[in-house]
Amino acid sequence: MSFEKLAELIFPNIDKTPEYYIEKYPKRELKEGAVVTRYAPSPTGFQHIGGVFAALINERLASQSEGIFYLRIEDTDQKREVEGAIEDTIKTMHKFGMDFNEGMIGENTEKGSYGPYRQSQRAEIYKSFAKDLIKKGLAYPCFATPEELNELREKQIAEKITPGYYGEYAKYRNLSEEESIEKINNGVPYIIRIKSPGNIENRVEFHDLIKGDISFPESNQDIVIIKGDGLPTYHFAHAIDDALMRTTHVIRGEEWLSSLPIHVQLFEILGFEAPNYAHIPTIMKLDGGSKRKLSKRKDAESAVSYYDEEGYPMVSVIEYLLNIINSTFEEWRAENPKADYHEFLVVLDKMSKSGALFDIVKLNDVSKDVISRMTAEEVYSHYINWAKEYDKEMYELSIANEKMVKEIFNIERECAKPRKDFAKWSDVRGKIFFFFDELFDKEKAHDVELSKNVDLSEAKRIIEAYAKAYSFNTDKETWFNELKAVGAELGYTSDRKAFKKNPEEFKGMVADVAASVRSALAHRTNTPDLYTIMQIMGEDKVRSRFEKFLNI
Ligand code: GLU
């Protein structure tokens, strides 16, 4: 049976056929094994870390195989759209080292010959396919009102049968062409559904590149393909876009896995070959012993802006996500400490099938490693870029004391076991503030940390003696001998064994003397190498700190 007239009535202005588009967007000429992937966000404005995670997998796979990674904007739900969201997505991905070969490159600009890459501008394409399906009797206008659908649902639930619009419950699937035409001419509102040929008794076998072999019952639901506003549903747009844009691998969140029966069927009805699918596990977090989804409302770390504000280098976040994608990344990184992360090969079937666990402590460790591999110059440049936006005071101080700040960043860096003290740029202030009188002088007496074996008056006694003995222009060894000599005079030994044997004979160890010098210079007992700190501060500052300490 043909539904030519009905199709014409519904889509009078559509004069293109599926063949036209299939020819217009031919198979891509890429080298053997090249993968075509896409990032396909809805432009809602909120950049979720899960989006970066999904984009990264897509980008890596395309780029590793010298394929194509493109940006498609899924804006068929126009109520949720936020202005500027496309630019924001592109900027965010760029910041994370991901650039698109094709697709949207701005709010209103795109590149590539498989566009438009914005679904709202593809209405004509979807309609051409819908028109063709109607003609062939594979899709139909459905006139069910929301009340009718509700009633059907309640009845199905009460009778304990699978809810939905299908088979005998699909009241409008078998209307004659004349009946449908009459309703449309009478102005009855409708949407377009497919006439599903599926039978739930049949099982479909499927291979997912992450989840492995799966099977599910065939879909028998007459799903909606074109909504009342003339735009397609996600399902329909997905099938048409990924077919016409010649996507080879659809890599997307596992929340879509349950829709796979529908998608497989749509590809079949449309006469397209289905792409490869990989369903990525959802990013979870441990909360009081149980796993849950990272929540936009509850978890600051779900927003991409969080990493900016805290000052995580973007490479740290990416390396951390690579760790989640393939647990072999860590080993690879240990073996290739200097390599660029792009050299690591992402493999889908090595990915965990269940939830990906997001763990800030692990992120911090990864980030400390990343920062420890940077030169002092790099640290400085990253830091001032961050501070310019998020810590004006530190920014001004760092710019005004560039040489000193670089020296500070150079402490125990570029050596076999570099210091791993910063996980993020917001950690820097707390670790280097004491070099700046402006910040140091704001500290209160109760901020001063002391060695646990030494009280304030004893620490002052140590500093008083040390200030007299201390000479600035010495090498490290002489400096340390001096410190030991001052300690010995006051009853602090450098002989650990002797101390262990007869602790009552000593006040403490030379470490307590060094800790007291740290207290005086930094108000902290745990700092990087003390000799270097004193060299960076210079004699005047060191002496003035001793003075200040004695007057606390
Ligand atoms: N727009 C869909 C989403 O944001 C894309 C899913 C897909 O990659 O196909 O969930």
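Numbering of ligands and ligand atoms starts at 1, following listing order. Residue indices begin at 1 and follow the sequence shown.
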**OP:** State plainly whether the residues Asp287 and Lys298 are in salt-bridge range, i.e. N to O under 4.0 Å.
**Re:** no
Original post:
Is the closest basic N to carboxylate O distance between Asp132 and Lys135 below 4.0 Å?
Top reply: no
Original post:
What residues come within 4.0 Å of ligand 1, counting heavy atoms only?
Top reply: Arg38, Ala40, Ser42, Glu74, Tyr234, Arg252, Trp256
**OP:** Count the heavy atoms belonging to other residues, nucleotides or ligands that lie under 6.0 Å from CD of Glu273, then report whether that count exceeds 12.
**Re:**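 No, because the 6.0 Å sphere around CD of Glu273 holds 12 heavy atoms or fewer from other groups.
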Original post:
Taking the six-membered ring of Tyr114, is the NZ or CZ of Arg28 close enough (under 6.0 Å from the centre) and on axis enough (within 45°)?
Top reply: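 Yes, a cation-pi geometry.
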Subject >> Exercise: do Gln221 and Ser196 side chains pair donor with acceptor under 3.5 Å >> reply: no
**OP:** Would you mind listing every ring pair (Phe, Tyr, Trp, His ring centres under 6.0 Å) that reaches into residues 172-196, with sequence neighbours excluded?
**Re:**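 Output for this query lists Phe143-Tyr172, Phe143-Tyr190.
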